[in-house]
Participant: 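Please find one structure pasted underneath; my questions will follow.
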There are 2 protein chains.
Amino acid sequence: MSDRARGRRAGGPDTRGQILASARSSFARKGFGRTTIRAVAADAGVDPALIHHYFGTKDDLFLAALEIGVDPREVVPRVFGPGLDGAAERLLSVILAVWDDPQTGLPLVALVRTSLGADAAHNLLHDGLIRLVFTPLQAMLPADEADRRAQMAATQMLGLVVARYLLRFEPLASMSRSEVVAWVAPSVQRYLSGPLPTLDEEQRPGE
Amino acid sequence: MSDRARGRRAGGPDTRGQILASARSSFARKGFGRTTIRAVAADAGVDPALIHHYFGTKDDLFLAALEIGVDPREVVPRVFGPGLDGAAERLLSVILAVWDDPQTGLPLVALVRTSLGADAAHNLLHDGLIRLVFTPLQAMLPADEADRRAQMAATQMLGLVVARYLLRFEPLASMSRSEVVAWVAPSVQRYLSGPLPTLDEEQRPGE
DNA sequence: GTCTATAGACGGATAGAC
DNA sequence: GTCTATCCGTCTATAGAC
């Protein structure tokens, strides 16, 4: 991001990178549907036709913009390797670090924003991103509790991400990573390894 | 919903209600941007022009579809009146009940999905919905901790809502209200009244 | 009340000149 | 490589007939 996001394309025409940067920004801010090729082109200072020339269709551009700098298969073992104890803290630290970095965070914001805008059916979110962290997580949990524990943990991390990076709540968005981890980790850890909740027999169906 | 969502408009032409029901459904599933007047009209079995005739512009239709059956000023005191103790459980019970009911839930799904798809700037979500529950909540908390405690609680509730009603994770979406409350309430309650997290002095900025 | 016809704007995609 | 010109589709919205 250091050499291409700054200013207009200097001398060496890194037009392709310029387009990618503008696309990432727009996809992250507006999602797929509200991003237009024309707007991306204008922001990058090039002609709309160039984008098709380089990337093909709008979908192709979106996929190209999702290319990310981290390989999940490398980071996942570091989080879950040491065991369930402290896993929440390690997981949250990694997640926040990845999302705080614009290079890796912007594509993820674009992915989440686009997925939430579309139908629940074919979302990249569940089949792609979440599955990546779910599968190894579930493998560490008792089989009959794995689904519930992992999904409850997911709700907390998803809500954190949405509030901090999509809606940009303050002061949450400006808090340090370590403070956020200190607040949230106990909740996530309880979902992973805390006691199962005891259900009251009386369930009031209506309100 | 019982008399108008079922089948085509019977004899008495409740066309207006039919349109509203279709609009709510589409706004909830696709958000504002991806909802088209034409599709709503087709789903309601009427002509697109009729929608303009009844409701005016697309924005007007959206606002009409957001009309909801619950008055927050009535339910809020019931949740926060008894005090901070057990507030999380009461709050979650109400939230889940409102969202589980299609009559009140669909407009809320539409609101959240649309807000998340748009820019962070002018979102109805923060200025409308969340503010409604935030203000009375913050009034019960120590002034210097109110923002943080309320926002951390908001992340959990937001993530729960997104996962259960927008993304429809399973088994989460099919779990009973009381089971969800049993899982999540302790987390929310800790944000509201638990001990403040202790921050380590050493903050590793990188990674 | 309900529908037909159409205006007017916008965006994706392509062909082809330079 | 980069841009001009343009086609085609989709959508909102309106005017007006029945």
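Proteins get letters first, then strands, A, B, ... in listed order; numbering begins at 1 in each.
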Participant: Who passes ring-ring contact (aromatic ring centres under 6.0 Å, His included) against Phe27(A), sequence neighbours left out?
Facilitator: Phe32(A), Phe62(A)
Participant: Expressed as a whole number of angstroms, how long is the span from Ile51(A):CD1 to dG11(C):C1'?
Facilitator: 12 Å
Participant: Heavy atoms from C-beta onward define the side chain here; which of dG11(C), dT2(D), dT2(C) lies closest to that of Leu50(A)?
Facilitator: dT2(D)
Participant: Nearest to the side chain of Thr36(A) - dC11(D), dG12(C), dC3(D)?
Facilitator: dG12(C)
Participant: May I have the distance from Gln18(B) (atom CD) to dG1(C) (atom C1'), rounded to whole angstrom?
Facilitator: 16 Å
Participant: Quick one: ring-ring contact (aromatic ring centres under 6.0 Å, His included) partners of Phe55(B), sequence neighbours excluded?
Facilitator: none
Participant: What I want to find out is whether Arg164(B) reaches Asp100(B) closely enough, with some N-O distance under 4.0 Å, to be called a salt bridge.
Facilitator: yes
Participant: Checking Val161(B) now: which residues fulfil side-chain contact (heavy atoms from CB on, under 4.5 Å) with it, not counting sequence neighbours?
Facilitator: Ile95(B), Trp99(B), Tyr165(B)
Participant: Between dA13(C), dT2(C), dT2(D), spot the one nearest the side chain of Thr15(B), thanks.
Facilitator: dT2(C)
Participant: Whether the Glu89(B) and Ser93(B) side chains hold a donor-acceptor pair (N or O, under 3.5 Å, no angle test) is what I'd like checked.
Facilitator: no
Participant: I need a per-nucleotide contact map over nucleotides 4-9 of chain C, read 5' to 3'. Cutoff is protein heavy atoms under 4.0 Å; write B for the base, S for backbone only, - otherwise.
Facilitator: B-----
Participant: Excluding sequence neighbours, so at least two apart, what forms side chain to side chain donor-acceptor pair (under 3.5 Å) with Asp47(B)?
Facilitator: none
Participant: Starting from P on dG12(C), measure out to CG on Asp60(A) and report it in whole angstrom.
Facilitator: 13 Å
Participant: Using the test side-chain contact (heavy atoms from CB on, under 4.5 Å), find all partners of Thr104(A) that sit at least two apart in sequence or belong to another chain.
Facilitator: Ile68(A), Val70(A), Val98(A), Asp101(A)
Participant: Could you check which of dC3(C), dG12(C), dT2(D) has an atom nearest any side-chain atom of His52(A)?
Facilitator: dG12(C)
Participant: Between dC3(D), dT2(C), dA13(C), spot the one nearest the side chain of His53(B), thanks.
Facilitator: dT2(C)
Participant: Nearest whole Å is fine: how far is dA13(C) C1' from Phe55(A) CZ?
Facilitator: 16 Å
Participant: Looking only at side-chain atoms of Tyr54(B), point me to the closest of dG12(C), dC3(D), dG1(C).
Facilitator: dG1(C)
Participant: Could you state the atom-to-atom distance from NZ of Lys58(A) to C1' of dG12(C) in whole Å?
Facilitator: 8 Å
